[in-house]
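In listed order, ligands and their atoms are each counted from 1. In this text the structure is predicted, and so the values were computed from the model without any measurement.
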Amino acid sequence: MSAPTSSYRGRIAPTPTGYLHMGHGRTFHLAAQRAEDAGGELLLRIEDIDEARCKAEYTESVLKDLTWMGITFDREPVYQSQRRETYLSAWTQLKDAGRIYPCVRSRKDVAAATRAPHLEDETAEPIFPVEWRPSRDAADEYEAPGCVNWRFRVPDGERVMFEDGRLGECGYTAGKEFGDFLVWRRDDVPAYELAVVVDDAEQAVSEVVRGEDLLLSTARQLLLYRALDLDPPAFYHCALVCDSEGKRLAKRHAALSMKERREGGQSFADALAELMTRYTLS
Ligand code: GLU
């Protein structure tokens, strides 16, 4: 990108747990475009916090995908796997403020208890049953995370509102559309919601551009910004690319992997144009 002429700062934050598909490519392209149009900066953050699921070969592939797309960055990439201490201090801050609690229930328990066939989005989290919240005192027994899950206690009934750059006003009710969510996992990995808030705030990202599958996460994250006394960025959620059955693209749509396209000698522009003729937007 050319030298920034404004205070806009965007970021691209891929998770290297597989080869990325053209749907990611479209979202990244829009993120780069918005930074460029604003005369701002664009950062790259590799969200490799879950070291058991992330692989170096996927990170390498992501970097090649971005080069193939013609996207360049203003700074060296940031790797979440190297930032544990920073997430740990956010965990301590939340714990000391009584905002999070240790929870012995697994994700499986929650899924079984709520059995949520109504959830259209296969990635949506079932809502944590409020009667499973333990007493506030339990947190004092722990000096470090790990061993148990840690959840953020949401303000039941509060409607978390935000202005989305594409969709306009959005709002989700805590305790109804989303429940107490993970901030630290019992396998001692910081949860996505915590890591992303800490990073976006520390990197002074002014606008987060990502897929609209993360709209509910934005509501959760806004609660974390508030609890950590951090300023939230603006948000712009992109439409998702869907196949003929209305299912959004996933890493399983192998033919649409960016790796395959670039290795096949296609240009990103051609691959994107082809995608838009064969697939629809959410
Ligand atoms: N790393 C996340 C993902 O690949 C995106 C996070 C974000 O943009 O906030 O789904």
Side-chain angles (χ1 to χ4, degrees), residues 8-35 41-55 58-59 61-63 65-66 69 71 73 77-83 87 90 121-125 160 162 164-167 170 172 178 181-183 185 189-225 228 230 232-241 248-253 256-259 282:
Y8 182 102
R9 188 181 275 175
R11 52 55 157 189
I12 285 177
T15 303
T17 50
Y19 295 115
L20 300 183
H21 56 64
M22 285 298 300
H24 297 114
R26 181 176 181 275
T27 301
F28 296 168
H29 177 66
L30 286 171
Q33 202 82 60
R34 285 185 69 78
E41 271 186 284
L42 187 64
L43 310 180
L44 173 62
R45 185 170 68 235
I46 302 291
E47 301 212 320
D48 56 352
I49 191 80
D50 188 347
E51 290 180 72
R53 291 181 60 228
C54 294
K55 287 204 182 124
Y58 297 137
T59 300
S61 185
V62 167
L63 298 175
D65 292 340
L66 290 165
M69 293 178 67
I71 296 181
F73 296 94
V78 164
Y79 289 84
Q80 286 192 327
S81 55
Q82 294 168 9
R83 292 175 43 75
Y87 308 133
D121 181 349
E122 66 228 59
T123 64
E125 293 243 350
V160 182
F162 58 94
D164 180 80
R166 182 176 71 94
L167 299 164
C170 296
Y172 296 96
F178 65 98
F181 58 88
L182 285 177
V183 294
R185 294 173 9 192
V189 175
Y192 157 71
E193 309 287 8
L194 181 67
V196 83
V197 163
V198 168
D199 288 343
D200 282 333
E202 195 175 292
Q203 294 182 276
V205 168
S206 65
E207 184 181 69
V208 165
V209 177
R210 59 187 176 197
E212 66 178 20
D213 53 324
L214 290 169
L215 277 165
L216 263 180
S217 276
T218 296
R220 296 184 189 106
Q221 289 168 20
L222 285 168
L223 293 175
L224 280 179
Y225 279 102
L228 290 165
L230 297 169
F235 293 94
Y236 182 100
H237 292 86
C238 306
L240 302 175
V241 180
R248 69 190 175 92
L249 295 194
K251 286 171 182 156
R252 64 176 179 270
H253 289 80
L256 289 166
S257 88
M258 291 207 272
K259 175 176 186 285
S282 59

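Here Arg185 pairs with Asp50 in a salt bridge; the nearest charged N to carboxylate O distance falls below 4.0 Å.
Atoms of ligand 1 found under 4.0 Å from any heavy atom of Glu47, numbered from 1 in the order shown, are 1 (N), 2 (C), 5 (C), 6 (C). Taking a cut-off of under 4.0 Å to the non-hydrogen atoms of Tyr192, the atoms of ligand 1 that pass are 6 (C), 7 (C), 9 (O).
Contact annotation: Val196 has at least one heavy atom less than 4.0 Å from an atom of ligand 1.
Taking the six-membered ring where the residue is Trp, His237 and Phe162 present tilted rings, their angle falling between 30° and 60°.
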Subject >> Chi angles and distances behind the side-chain contact (heavy atoms from CB on, under 4.5 Å) call for Val196, Arg11 >> reply: CA-CA 11 Å; Val196 83; Arg11 52 55 157 189; 3.6 Å; yes
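Only side-chain heavy atoms of Arg11 come within less than 4.0 Å of ligand 1; its backbone N, CA, C and O stay farther off.
Between Leu43 and Gln203, the shortest heavy-atom contact is CD1-NE2, 3.7 Å.
The side-chain heavy atoms of Arg210 and Phe235, taken from C-beta on, include a pair separated by under 4.5 Å.
When only interatomic distances are considered, the shortest N/O to N/O separation between Ala13 and ligand 1 falls below 3.5 Å.
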